[in-house]
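First comes the structure, then the notes that go with it.
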There are 2 protein chains.
Amino acid sequence: MEPDDRLLRQFVGYNMKRAFIPVQEDVSETLATLGLRVGTFSALAVIMASPGISQTQLSQVLNIKRSGVVLVVDELEGMGAVERMPVESDRRAYALQVTPEGRKLWQRAESAVQAHEAALFADLAPEELRVLRGLLDRAARSGARRRRGEKQ
Amino acid sequence: MEPDDRLLRQFVGYNMKRAFIPVQEDVSETLATLGLRVGTFSALAVIMASPGISQTQLSQVLNIKRSGVVLVVDELEGMGAVERMPVESDRRAYALQVTPEGRKLWQRAESAVQAHEAALFADLAPEELRVLRGLLDRAARSGARRRRGEKQ
DNA sequence: TATTGTTATACTCTATAACTATA
DNA sequence: TATAGTTATAGAGTATAACAATA
């Protein structure tokens with residue numbers, strides 16, 4: 001009887017984690033060559049897609065705490081990729097914006113991660129990857145709804 | 001323009017992480033009621049399926065370091081769920097075994113996690129969940145092979 | 001009173017490296 | 001010399017809680 005994880009394979013969550021491990025390792029290494037981490041890469045993507053977003057909004061989209069956003073934005077700002085702009089109507093808040101340098105950085109990072117995902121998932125057909133993304137999206141929505149419902 | 005993560009949704013890895021977050025939260029809470037963590041639950045499952053497994057083998061199956069296995073086995077042993085048995089042929093090693101109490105604990109934990117996954121993924125048909133598990137398995141193998149290949 | 005951003009702190013998980021006892 | 005298990009320590013990522021400025 002050779003050791004294995006057969007009792008764990010029945011769980012969808014275990015398979016998610018197992019599939020995610022090599023992706024996370026590979027993406028982390030890829031982003032590191034550009035001076036990014038997964039957290040700063042994700043934040044940059046959201047600010048790209050939502051110029052003027054506040055840190056609190058960013059924390060909600062990324063599903064992390066506001067205190068964590070501070071560190072991520074500090075890092076992006078330190079790299080010259082993002083700026084904290086004042087908000088006229090609310091002097092407590094910042095409107096986050098991607099600088100021209102940040103745009104270039106995003107494009108390089110996006111291409112690099114696309115290439116690395118293509119290599120990582122080379123055994124799956126494009127059609128299968130679409131199905132996988134779709135099912136993961138449905139699973140994420142289902143799980144999030146269930147979790148929200150429980151708390152109420 | 002309301003803030004969103006649309007630039008991240010293109011990546012399979014991001015969707016994996018997003019789907020995994022509610023699962024991990026829910027499973028952690030579920031297991032906590034039984035005195036287990038995800039790490040001890042996973043180890044218990046592997047030792048259940050592979051009686052006599054060594055700590056080094058367990059570290060390989062769970063994809064963690066031997067130093068981490070020590071803490072997990074300490075915890076399971078402290079709960080009376082697992083025993084470190086001497087190995088006749090090698091006095092450095094232990095043969096890990098699940099106790100009768102550990103078996104009962106596993107069965108309760110397995111049922112609890114099955115029930116919580118069913119609730120979490122209620123929006124997906126059983127057929128879809130099978131497809132999802134299958135695609136995640138293929139993605140995990142593809143990613144792991146690619147990562148191994150790179151290192152050589 | 002509530003909210004935005006901030007800071008300091010703590011916790012969890014895991015990795016690294018040095019050690020021991022055996023092989 | 002190499003390996004199994006152990007220990008101590010450190011790092012990454014994130015959470016909590018208290019705070020100042022502003023609403």
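Note on naming: letters A, B, ... go to the chains in the order of the sequence lines (proteins, then strands), and numbering restarts at 1 for each one.
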### A/D137/B/R18 ion pair, N-O < 4.0 Å
yes

### Query
Would A/D123 and B/R145 pass as an ion pair if we require N to O under 4.0 Å?
yes

Nearest whole angstrom, please: distance from the [atom2] of [N] to the [atom1] of [X].
X	N	atom1	atom2	answer
B/E25	C/dT12	CD	C1'	14 Å
B/L58	C/dT14	CG	P	12 Å
B/Q55	D/dT6	CD	C1'	9 Å
A/Q24	D/dT14	CD	C1'	13 Å
A/Y94	D/dA21	OH	P	13 Å
A/F41	D/dG13	CZ	P	15 Å
B/K65	D/dT3	NZ	P	14 Å
A/R37	D/dA12	CZ	P	9 Å

### Query
Testing B/L36, B/V113, B/L120 for side chain to side chain contact (heavy atoms under 4.5 Å, CB included) with B/V27, which one passes?
B/V113

Can you figure out which of [options] approaches the side chain of [X] most closely?
X	options	result
B/K17	D/dT14, D/dT6, D/dG13	D/dT14
B/I64	D/dT6, C/dT4, C/dA15	C/dA15
B/S67	D/dA8, C/dT6, D/dG5	D/dA8
B/T56	C/dG5, C/dT16, D/dA4	D/dA4
A/R91	D/dT22, C/dT6, C/dG5	D/dT22

### Task
Identify, between A/L71 and A/S89, the residue whose nearest nucleotide on DNA chain D lies closer to the 5' end.
A/L71

### Task
Select from A/R92 and A/G39 the residue whose nearest nucleotide in DNA chain D is closer to the 5' end of that strand.
A/G39

### Task
Tell me whether the OP1 or OP2 atom of C/dT6 has a side-chain N or O from A/R84 closer than 4.0 Å.
yes

### Task
Give every residue pair that meets the side-chain hydrogen bond (donor to acceptor under 3.5 Å, both in side chains) criterion with at least one member in residues 35-49 of chain B, sequence neighbours excluded.
B/R37-B/E75

### Query
With sugar-phosphate meaning primed atoms plus P, OP1 and OP2, does A/R66 contact a base, only sugar-phosphate, or nothing at under 4.0 Å between heavy atoms?
base

### Query
Just one of B/R133, B/E110, B/E117 clears the side chain to side chain donor-acceptor pair (under 3.5 Å) bar with A/Q10, so which one?
B/E110

